[in-house]
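Taking it in order: structure first as structure tokens, then the write-up.
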Amino acid sequence: MPDLKTDNPLTAGINITHAPQPCTLVIFGGGGDLTRRKLLPAIYNQGLEGELPANFAVLGLAIEKMNDAEYRQFAKKGVEQFSRQPLEANFWKGFESCLHYIQGSFDDPEVYAKLKVRLTEIDASFGIPGNRVFYLAIPPTFIEIVVRQLKAAGLVMPVDDHSPFSRIIVEKPIGRDLESARRVNATLSESFHEQQIYRIDHYLGKETVQNILAMRFGNAIFEPLWNSKHIDHVQITVAEEEGVGTRAGYYDNAGALRDMIQNHILQLLTLIAMEPPWIMDADVIRDHRQDILNCLRPITPETFDQHVVRAQYGPGFSHGEDVPGYRREAGVAQDSITETYVALKIFIDNWRWAGVPFYIRTGKRMPKRASEIAIQFKSVPPILFNANHDQPLEPNVLALSIQPNEGLSLRIATKLPGAKLKIFPVKMDFRYGSTFGEQSPEAYERLLLDVMAGDATLFMRRDSVESSWAWIDSILNTWTSSRTRWIPEYAAGTWGPIEADRLIETDNRKWRTL
Amino acid sequence: MIAKDCVSKVFRQECKLDSIADIEPGLGRLWAQLNQDINSDGFAIIMRACMSNLIIYCDTPQEAETIDHEIAGIVDDHPSRVILLIDNGSPSSGSIEADIELYYTELDHGWQVCAERIDITAATAMKDRLPYVVRTLLIGDLPTTFWWASQRAPSMAGEVFLQLAELANQVIYDNVGWVNPAQGVATMTRWVAAQQNTQIVHNLAWRRFTNWRKLIGQVLDPLAAPGALDNLHTIEIAHGPHALPTVWLLVGWLSDRLNWQAADGKRLSDSELIWRFRNNRQTIKVQVKRLPEGDPLIYRLLFDWNTKDSPGRICFNRLDRERIGIVEKESTVPPRLFTSQVPARCALVTAQLAQRTRDKIFESALKSSQAMAAVFQQ
């Protein structure tokens, strides 16, 4: 029998494994772009769908001068512009009362004293039992300052059964190499237990990414084929249509390898390649993903050119309009050799994936925005329908589309109707949006609820961040030591440089057309 | 010809058939016709998405007319083969008639058929043949859901219900508007108990107050309102006409979860009922009042408790079809507004179609509702 002083049997059966707990979400950088475009719309959508806890509030903290009323206007504009669901005036009236704001500098201890007082007031007004989620939507340079100030102000509670929870969400990038990542992690761990730290990668909140596990381990037909015996190779593409835009300041110091590969793409790779977990538990799944990172074959200087291509976009066209090359973008150094495109050939040295290449490419100013993971199976033997060497059958491909349309497709060979025996590839297509009718929630919506529920499955653990940086560092070091002043160029609006085509064509394969 | 349904984004194409045997060939002809219509000015691919068989039973053509407007909303989210069975009320025997329709939606590069709908209309005297007709129409390899859309409690309907239920993995019913809730609850609870874990049985009323359950659970949580759950002594509920079965289930859920035993229940007037429950410390009074008008919804819910330190009270009011609020004047907790849309019935059915496991909390609540019915009848 439950003890009603501490247990709550009324929540049984309602999202039992995934119930967001009452809390205040404190957003550092609450007046910034990420908050306006992503976080506040995500919270609004979850509120509109009744997914937020009943006892919930938001407190934005930033340098911009605003009061609560102005912050609510700021949030409203963000929702009007970026929410996946239109603003409903009736709902907004009630919802906006949970939004609050404090103006101040992140390094000012008085701001944290004010924050503490304000949080206590909010707790009392909203019936929140002291639980806090701190979202650091701030440049990496401020992480250390904010974390230490939070600790000094007594705003970080210990991890035990009796205290309210304190959780912290940290945006990428976690460092810019292994050494700096270790520093950030060490700073975080001075104040927070690893259990309280949620390193967010919004790619992992996407429906298709989560569906990778469901597809692999919820179907009997794929997993027996999921190995080097049946899979010829895997291609992961993350193509962006936009140029560097307003992010030049950050991007020119980072580049595509740090910006996309170290986090998003390596995380996708681990989900595709991991061994079956024995339970859907955050740490078990993260252990299995970590195993893959441990097995990544280092890229050595001797074989570097066969495995790595970097390039930068030059002038070209986007939607028929002239667009400048990277070095002509505002805020980019004219002699910059920052890569806006990377292609890699990666091997995972374990029993399952021995000898299977994973081709990865990501770039800016590509013909369209598209992210996809494609598993290409081995060809059928060159007999029967595949006997014609001049026109071999297209192999089966299982393609998981991540954006813009989330879904999956399978290419299979079928006979064309008629007296002649003609084989033709057809694509069986499954799209989330059209099959299930309803819209998938935005990645941030799902991930914010996960943090409120204490589920870290889709977040990066310290060891995973550091392992991926260790692997990436070997590439960065080779680039640094080459002392080159030039890197290949590709025209904006194309699929990348010729060097990238050569990287895959050497193996008698080719990049997929998306 | 293609006609656009004004309610949803689903298009429909229909065809009347001469005989039951013509249903499958008729659907084939509709597919061919659709292909021809769509491809008259170019090549487009038509795909078929199908996730379930959905059998719907209506006792009258009027009930079927209401369902007619809901099917598009259901199949838009959960592509299905829909078999709508209608008793036309005629006492004489006669033929069984069938109509067929395709529902389809436009995709980026083609079309997708999201439902094949088959309407079967039979005279009352021919009703016992319906399960045989349905058996031939089910698509294999897909789960089958049977939605009892009649105003009668299904367990009181006899063979037709039992035989159709046998064909399904899941049975959905809705006790809103039942003529005799106490008797309906009693017979339905017995039937559900007899299923012995072989089938999912679901009452839409249960899903209808999911938002209430969430709210109550969170606001009365020991961390948010210390001592409330342990010391509740009075609950007052005001509901609109026809919502008594929903309230009954809600109280059944509370008594089950909080371990209260139903002690007695009686009718105070035409519009008021009272139950008394006991736990190991005190008596809990639940007073239920029907409002003279309104929708079949819960409009007001008040919880009273006493702790050592002070009395506590929370009063929820439904403000409109989108919002529930905590009333400042009548509550000891801070006032707040919550989004809580009154869901359309088709949305409840759609959500339930995706459910593949039995809901043990619902079944326990149903048992407690039965215990409440037992003391009420004494």
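Reminder, nothing fancy here: chain letters follow the sequence lines and each chain counts from 1.
For A/Pro22, no part sits under 4.5 Å from any heavy atom of chain B, backbone or side chain. Only the side chain of B/Asp320 has a heavy atom closer than 4.5 Å to any heavy atom of chain A. Interface remark: B/Ile361 contributes side-chain atoms only to the contact with chain A (heavy atom separation under 4.5 Å). Residue contact with chain B, scored on non-hydrogen atoms closer than 4.5 Å, is absent for A/Gln21. Heavy atoms of A/Leu52 lying under 4.5 Å from chain B belong exclusively to its backbone. Heavy-atom distances place no part of B/Asn279 under 4.5 Å from chain A, backbone and side chain included. Only the backbone of A/Asp7 comes within less than 4.5 Å of a heavy atom of chain B; no side-chain atom from C-beta onward does. Both the backbone and the side chain of B/Asp221 come within contact range of chain A, each with at least one heavy atom under 4.5 Å from a heavy atom of that chain.
Tested against B/Gln170 for a side-chain hydrogen bond (donor to acceptor under 3.5 Å, both in side chains), the candidates B/Gln355, B/Gln352, B/Arg358 yield a single pass: B/Gln352.
The most heavy-atom pairs under 4.5 Å with chain A, out of B/Leu258, B/Asn259, B/Leu215, B/Asp230, come from B/Asp230.
The cationic group of B/Arg213 lies under 6.0 Å from the six-membered ring centre of B/Trp253 and within 45° of the ring axis, placing it in a cation-pi geometry.
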(request) Begin from the C-alpha positions of A/Lys76 and A/Glu96 and carry the test salt bridge (charged side-chain N to carboxylate O under 4.0 Å, His left out) through to its verdict. (result) CA-CA 8 Å; A/Lys76 192 176 180 185; A/Glu96 69 172 3; over 6 Å; no

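Note: A/Phe56 and A/Phe126 fail the aromatic proximity criterion, with ring centroids not under 6.0 Å apart.
Between A/Asn45 and A/Glu445, the shortest heavy-atom contact is ND2-OE2, 3.2 Å.
Ring geometry for B/Phe209 against B/Trp206 counts as perpendicular: the plane angle is over 60°, on a 0 to 90° scale with 30° as the lower cut. Aromatic ring orientation, B/Phe316 versus B/Phe338: tilted (interplanar angle from 30° to 60°).
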